[in-house]
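Everything on this sheet refers to the single structure shown next.
All chains are named by letter (A, B, ...) in the order of the sequence lines, taking the proteins before the strands, and each is independently numbered beginning at 1. Because the structure is a prediction, the values reported are computed rather than measured.
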Protein chains: 2
Amino acid sequence: MEFRIDRSSGLPAYLQLVRQVREALRLGWLGPGDRLPTVRDVVARSGVNANTVLKAYRELELSGLVEARQGSGTFIKAGLGSTDPEVMAALRARLAEWVREAREAGLDIEDIDALVRSVLAADEDGNQITAGDGVAVL
Amino acid sequence: MEFRIDRSSGLPAYLQLVRQVREALRLGWLGPGDRLPTVRDVVARSGVNANTVLKAYRELELSGLVEARQGSGTFIKAGLGSTDPEVMAALRARLAEWVREAREAGLDIEDIDALVRSVLAADEDGNQITAGDGVAVL
DNA sequence: CAAAGTGTTCTAGTCAACTAAGACACTAGA
DNA sequence: TCTAGTGTCTTAGTTGACTAGAACACTTTG
């Protein structure tokens, strides 16, 4: 497991860590029994403070995804991704192809990002009732 | 132009505003001469403080995208999206189709999001030298 | 001119995120 | 048993995001 902390993104570091673990679980890169990098490991390599890492790990523990064993490490407790890895790989391949097409059409990363976000937002609106949960639409 | 402020996302409100204006420019929804919602408008509808909105608009102004005219409003100064609208629409349609497939395969929004992010991250790594710019890879 | 609507500034304060450095408690392995 | 590696806690402090409320400056319209 490798973390990427982007300090310029505006998103709090501990949330970036949480998100990345969750994503790794979604994608099947991590599964029950796997050990996360040690707190000191993350600290040493990213410069993030130990308390920040701890906060991320604690949040993951509270949501039941990991289990911290003092003296030994932090381990994945439950999985998240329920999708067949092969299906996942196929979808991934087709998405990668779409990205390639977009790039060939001259779009840069930000263009692609904007497009993706707008499509996902539209999809979310059409399929789920999320209004009210802290989301204001004006 | 409609803004969506998601207080639970962890991303500062003013950055959400900035991002949404930039995205609208990328997608061609906004162009030079268009007027952004007034500061008081955003305040009234979202509950965000005037200073927060102002901070977002100021950031957009600093990057040369909008122009604030005191007493009259804030207007788009320059465009961002350079891509042909038709090409954009085509790409959008194909992406929407991909999303539909993903949903049919049983993926939920978070699965899709994780997949998209990982593909985009891989793409970015392969095509651009972004190391060093505040991004730590561990 | 007057009024309404616009961006702008100010002061004061709260809260979350993060840093810093150290100490403690527990576990696994030599 | 000792030691290195682990998670955990404590205290103290800095910074940025945000809120609150008010006032000011300017433009447009009637």
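- Within the 4.0 Å cut-off from OP1 or OP2 of C:dA17, at least one side-chain nitrogen or oxygen of A:K55 is found.
- Checking the phosphate oxygens (OP1, OP2) of C:dT19, a side-chain nitrogen or oxygen of A:T52 falls inside 4.0 Å.
- The CG-C1' distance, from B:L11 to C:dA16, rounds to 14 Å in whole Å.
- In this structure, CG of A:N49 is placed 11 Å from C1' of C:dA17, rounded to the nearest angstrom.
- Heavy-atom distances to DNA chain D give each of A:E61 and A:G71 a nearest nucleotide, and the one nearer the 5′ end belongs to A:G71.
- Rounding to whole angstrom units, CD1 of residue B:I5 and P of D:dA17 are separated by 15 Å.
- A donor and an acceptor atom never sit less than 3.5 Å apart when one is taken from the side chain of A:R40 and the other from the base of D:dG5.
- Between A:R7 and the phosphate of C:dA17, there is no side-chain N or O to OP1/OP2 separation shorter than 4.0 Å.
- In the set D:dC18, C:dG7, D:dG7, D:dG7 carries the atom at the smallest distance from any side-chain atom of A:L54.
- As judged by a 4.0 angstrom heavy-atom cut-off over every strand, A:R69 is placed among residues touching the sugar-phosphate backbone only.
- Between the side chain of B:E59 and the backbone N or O of B:V18 there is no donor-acceptor pair closer than 3.5 Å.
- Look at CD on A:Q16: it is 12 Å from C1' on C:dA17, rounded to the nearest Å.
- Nucleic acid contact class of B:Y14 (heavy atoms, under 4.0 Å, all strands): sugar-phosphate only.
- Under the 4.5 Å side-chain contact rule for hydrophobic residues, B:W29 and B:L95 share a cluster.
- For A:S72, taking side-chain heavy atoms from C-beta onward, the closest of the listed nucleotides C:dT27, D:dT19, C:dA20 is C:dT27.
- Between D:dG7 and A:R35, no contact under 4.0 Å exists linking OP1 or OP2 to a side-chain N or O.
- For A:N51, whose side chain is taken as the heavy atoms from C-beta onward, the closest listed nucleotide among D:dT8, C:dA21, D:dC18 is C:dA21.
- Using a 4.0 Å heavy-atom cutoff across all strands shown, B:A50 reaches no nucleic acid atom at all.
- Out of D:dG7, D:dT19, C:dT8, the shortest distance to the side chain of A:T74 is found at D:dG7.
- Between B:T74 atom OG1 and B:D34 atom CG the span is 12.5 Å, to the nearest 0.5 Å.
- Between the CD atom of B:E67 and the P atom of C:dT6 there is a distance of 17 Å, rounded to whole Å.
- Across the interface with DNA chain C, nearest-nucleotide mapping of B:P37 and A:G47 shows B:P37 to be the residue nearer the 5′ end.
- Between A:R58 and D:dC9 there is a side-chain polar atom (N or O) within less than 4.0 angstrom of OP1 or OP2.
- The B:Q70 side chain lies nearest to C:dG7 when the options are C:dT19, C:dC26, C:dG7.
- Side-chain atoms of B:R35 and B:M1, non-hydrogen and from C-beta on, never get closer than 4.5 Å to each other.
- Rounded to whole Å, the distance from CG on B:L15 to C1' on D:dC18 is 12 Å.
- Panel note: side chain B:W98, backbone A:R94; no donor-acceptor pair is recorded below 3.5 Å.
- With B:S46 contributing its side chain and B:V42 its backbone, the two residues share a donor-acceptor pair below 3.5 Å.
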